[in-house]
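Residue indices begin at 1 and follow the sequence shown. From a predicted model like this one, the values you see are computed outputs, not experimental measurements.
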Amino acid sequence: MSRGAGHCAEFELTNHEAGPFTYTITFTFLSGAGEALASQKETVPSVGPGRTVKRAVTMSGTGPLPSGTRGPARVKIAEVRSVPTGEASSRGGPCPPSGVRVYADDGDAAMGLRVVGIHLENCGSGTTRLNGYPRLQLLDKAHQPVDGVTILQGGGSIATGTGADGAPQPLALEPGERAHATLVWRNTVEGGAGDPVNAPYVRVRATPGDAPVMVIPELDLGTTGRLGTGPWKKDGTKPPGRP
C-alpha cells in the first residue's frame, strides 16, 4: 500500500517461544518485475509468548527509483532474527538494570575478511571495570551452541591492523564512558574441510559474572574454525548529549 510519498507493507508476527522475544525482520521491497528496490529492517520488541502483533514497514532511503519503475509491487521477508527480550542488545533508550549497554556495529567486510565491533557503554551511575576480553558463546539460528570453533584471544593470527590486537589493560569506565572489543574472522571455504559454519548470534558477557547480552554479528566463518577477539579498549568519545 502507499502512504503519501512512501510505500509500506503490513505484517503479522507470532511468538511461538516459551518466553518474550525481540525480533529483527529484514524486508526487501520489489518492483513489479521482481527487481530489489530497497532493504528495510524493523525491530519488534518484547513479543510475549503466544502473542501475535501487527505492524507496518515503510520503504525508505532508496533514492531515485529505476527508470520506468512505478513503485514496489510486493515485499519479501528476507530474514528473521530473534533474541530473548531479557538478553536483547540496545544502542539507546532506557539503561538496562545492569547499568551497561552492549551492542554490535554493522561491521566491515573486504576480500573475505570480516571485522565487527562489540561496544559497551556505562549508562549507569557507578564505575564499570573491565579487564581482558569479552566472554563469547556462538549460537546457531536455533539459538543452540556452535561447536568446533576456536575463539582466539587477539586477532593477529587472522589479520593485522584490524584493531583486535594489543595486550588487555584494566579499564575503569565512569558514567557515560564507553569501550569496545573487535571480532575478526575470515569466511574462507576450503574443499574437504567440512561444512561452512554460520553463527548469526553471539552471547556476550563483558566480564565472567555479568548478565549475558545477545548480539547478531552474523558470523559466516566458512571452514576456518577460528574467531579472533580483541581486548576491551576504552573509547575516547562519549555518546551524543553527554557532557
Side-chain angles (χ1 to χ4, degrees), residues 1-3 6-30 36-62 72-98 100-109 114 116-121 123 134-146 183 187 196-206 210-221 227 239:
M1 64 182 68
S2 295
R3 285 184 176 176
H7 301 277
C8 69
E10 292 181 342
F11 64 95
E12 290 186 359
L13 184 151
T14 301
N15 177 11
H16 296 288
E17 303 290 345
F21 269 68
T22 292
Y23 295 85
T24 301
I25 309 168
T26 302
F27 297 89
T28 301
F29 284 82
L30 304 169
L37 301 176
S39 179
Q40 190 76 18
K41 286 189 176 182
E42 286 291 313
T43 297
V44 183
S46 193
V47 181
R51 185 183 172 206
T52 297
V53 298
K54 295 182 179 181
R55 296 288 188 273
V57 57
T58 302
M59 183 177 73
S60 62
T62 61
R74 63 185 188 276
V75 178
K76 178 174 69 175
I77 297 175
E79 186 177 77
V80 179
R81 295 290 184 244
S82 61
V83 301
T85 297
E87 298 184 29
S89 65
S90 173
R91 297 184 182 221
C95 186
S98 63
V100 296
R101 199 188 321 276
V102 177
Y103 62 93
D105 60 31
D106 294 332
D108 186 22
R114 309 285 195 256
V116 168
I118 304 295
H119 301 267
L120 182 148
E121 177 195 348
C123 57
R135 273 60 177 179
L136 307 177
Q137 182 186 32
L138 278 55
L139 305 173
D140 62 17
K141 290 182 179 180
H143 306 100
Q144 297 302 309
V146 172
L183 306 184
N187 74 332
V197 174
N198 293 295
Y201 306 103
V202 175
R203 184 173 276 130
V204 180
R205 285 180 170 86
D210 284 355
V213 175
M214 194 180 295
V215 297
I216 314 176
E218 301 288 349
L219 303 181
D220 55 341
L221 299 168
L227 172 67

*Might you work through the side chain to side chain contact (heavy atoms under 4.5 Å, CB included) test for Asp105 and Val116, ending with a clear yes or no?*
CA-CA 6 Å; Asp105 60 31; Val116 168; 3.8 Å; yes
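- With sequence neighbours excluded, the residues satisfying side chain to side chain donor-acceptor pair (under 3.5 Å) with Thr22 are Thr85.
- Remark: Asp220 pairs with Arg114 by the salt bridge (Lys or Arg N to Asp or Glu O under 4.0 Å) rule, at least two apart or across chains.
- The ring-ring contact (aromatic ring centres under 6.0 Å, His included) check on Tyr103 picks up His119, with sequence neighbours excluded.
- A side-chain donor-acceptor contact under 3.5 Å links Arg101 to the backbone of Gly92.
- Across all their heavy atoms, Ile118 and Ala104 have their closest contact at CD1-CB, 3.9 Å.
- Aromatic rings of His16 and Phe21 (six-membered ring for Trp) have centroids beyond the 6.0 Å cut-off, not under it.
- Distance check, rounded to the nearest 0.5 Å: CZ of Arg55 to CG of Leu13 gives 8.5 Å.
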*Audit row: Leu30, Val75, side chain to side chain contact (heavy atoms under 4.5 Å, CB included) steps and yes/no*: CA-CA 6 Å; Leu30 304 169; Val75 178; over 6 Å; no
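- Side-chain contact between Val204 and Pro134: present, with at least one pair of heavy atoms (C-beta onward) separated by less than 4.5 Å.
- Rounded to the nearest 0.5 Å, atoms OG (Ser82) and CD1 (Ile216) are 8.0 Å apart.
- Side-chain contact between Cys8 and Val57 is absent, with no heavy atoms from C-beta onward closer than 4.5 Å.
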_Intermediate values then yes/no, side chain to side chain contact (heavy atoms under 4.5 Å, CB included), Val202 and Leu219_ = CA-CA 9 Å; Val202 175; Leu219 303 181; 3.6 Å; yes
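- Taking every heavy atom of both residues into account, Thr14 and Tyr23 meet most closely at O-OH, 4.4 Å.
- Between Ala206 and Leu120, the shortest heavy-atom contact is CB-CD1, 3.5 Å.
- Considering every non-hydrogen atom in both Pro20 and Pro49, the closest pair reads N-CD, 3.8 Å.
- The closest side-chain donor-acceptor pair between Tyr201 and Asp140, if any, does not fall under 3.5 angstrom.
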*Evaluate side chain to side chain contact (heavy atoms under 4.5 Å, CB included) for Gln40 paired with Phe29, printing each intermediate quantity in order.*
CA-CA 8 Å; Gln40 190 76 18; Phe29 284 82; 4.1 Å; yes
_salt bridge (Lys or Arg N to Asp or Glu O under 4.0 Å) for Arg91 and Glu121? Distances and angles first, verdict last._
CA-CA 9 Å; Arg91 297 184 182 221; Glu121 177 195 348; over 6 Å; no
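- A salt bridge links Arg203 with Glu87: the distance from a Lys NZ or Arg NE/NH1/NH2 to an Asp or Glu carboxylate oxygen falls below 4.0 Å.
- Atom-to-atom distance recorded for Glu79:CD and Glu218:CD is 4.5 Å, nearest 0.5 angstrom.
- Contact detail for Met214 and Pro84: the closest heavy-atom pair is CE-CD, 3.7 Å.
- Between Cys123 and Pro94 there is no side-chain heavy-atom pair separated by less than 4.5 Å.
- Residue Phe27 holds its CZ atom at 6.5 Å from CD of Glu42, rounded to the nearest 0.5 Å.
- Rounding to the nearest 0.5 angstrom, the gap separating the CG atom in Leu227 from the CG atom in Leu138 is 6.0 Å.
- Interatomic distance, Met59 CE to Thr28 OG1, rounded to the nearest 0.5 Å: 12.0 Å.
- In plain terms, the two heavy atoms of Arg51 and Ser46 that are nearest each other are NH1-O, 4.1 Å.
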